[in-house]
Amino acid sequence: MARTLVVAADVWRSFQRERGVLAAVQGCSFKIKAGETIAIVGPSGCGKTTLLNLIAGLGVPSSGRVEWPGLGSPDTLRPERIGVVFQSANLIPGLTALENVELPILLANGSEAEARALAALATFSVEALAGKLPEQLSGGQAERIAVARAIVTNPELIVADEPTGQLDQAGAALLVDRLLAWGQQTGSAIIIATHDERVAAKMNRIWRMRHGKFESMDERLKCTGTG
Ligand SMILES: Nc1ncnc2c1ncn2[C@@H]1O[C@H](COP(=O)(O)OP(=O)(O)OP(=O)(O)O)[C@@H](O)[C@H]1O
Ligand SMILES: [Mg+2]
């Protein structure tokens, strides 16, 4: 049996807003196991980013609980155990692409940061952009570098929020294929929020969200590319 990395039990996340409380995530329960690949899909505002933040330990549930039995304590989750790709890439301005990708290794007191960062960039064919600053990159280039930054410490879970939103169809497919191939090699689990059904179809499971709840959580065999 694959190791359970994340357990969420009846998780809610509410935000206080001017006109009252908005419950962005409403009673979600699930497990994420080693090696699983999951897509979260659903309309804008349905709670995908909020849920991913809870999974990555970047947000605290208003009620219910999220635990990481296979990953350790919330303090040590990132960047070693969970790699995060933020919705708008979020590269740090003023640092080159290479320095952005080296950063998780340095934060984790790892060695050979430059060589490992270059290898991660090469995984997504963006090693030639190593010396560029974020402002010199296209949106799609920045996304590929942000994914390289998330995998560079070989985390056991990747949490990626619309990592292909700025890429064209072919670029999106290539990025996800490379990420999935990396995950197969390392045995890591990958969870992606996406509006792209073609991207979602590459994952083993699709969780459909609406108004903060799961509509369905398909368990299915991986699509082999035939439809
Ligand atoms: N920090 C916050 N404060 C107040 N409201 C918030 C906050 N973060 C999210 N929300 C609200 O929670 C709801 C869910 O937002 P969320 O960003 O999770 O949606 P999403 O599914 O990721 O949307 P998109 O596809 O546009 O990225 C939205 O109504 C949003 O306005
Ligand atoms: Mg979002």
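Heavy atoms only: backbone and side chains are in, while hydrogens, waters and symmetry mates are out. Start at 1 and go down the list; that is how both ligands and their atoms are numbered. Only a predicted model underlies this, so the values are computations on that prediction, with no experimental measurement involved.
- With the Mg ion (ligand 2) as vertex, Gln87 OE1 and Thr49 OG1 subtend 80°, rounded to 10°.
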Apply the test side chain to side chain contact (heavy atoms under 4.5 Å, CB included) to residues Val66 and Val7: give CA-CA distance (whole Å), side-chain angles for both, the deciding distance (0.1 Å), then the verdict. CA-CA 6 Å; Val66 181; Val7 180; over 6 Å; no

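- Closest approach of Pro163 to Leu175, counting heavy atoms only: O-CD1, 4.3 Å.
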Residues Glu112, Ile105; criterion side chain to side chain contact (heavy atoms under 4.5 Å, CB included); working and verdict: CA-CA 8 Å; Glu112 296 177 51; Ile105 303 174; over 6 Å; no

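- A salt bridge links Arg65 with Glu67: at least one charged nitrogen is closer than 4.0 Å to a carboxylate oxygen.
- Evaluation of the side-chain hydrogen bond (donor to acceptor under 3.5 Å, both in side chains) rule for Glu162 yields Gln87, His195 as partners, not counting sequence neighbours.
- Ring geometry for Trp207 against Phe214 counts as perpendicular: the plane angle is over 60°, on a 0 to 90° scale with 30° as the lower cut.
- Sorted by chain then number, the residues whose non-hydrogen atoms approach ligand 1 to under 4.0 Å are Phe15, Arg17, Leu22, Ala24, Pro43, Ser44, Gly45, Cys46, Gly47, Lys48, Thr49, Thr50, Gln87, Glu162, His195.
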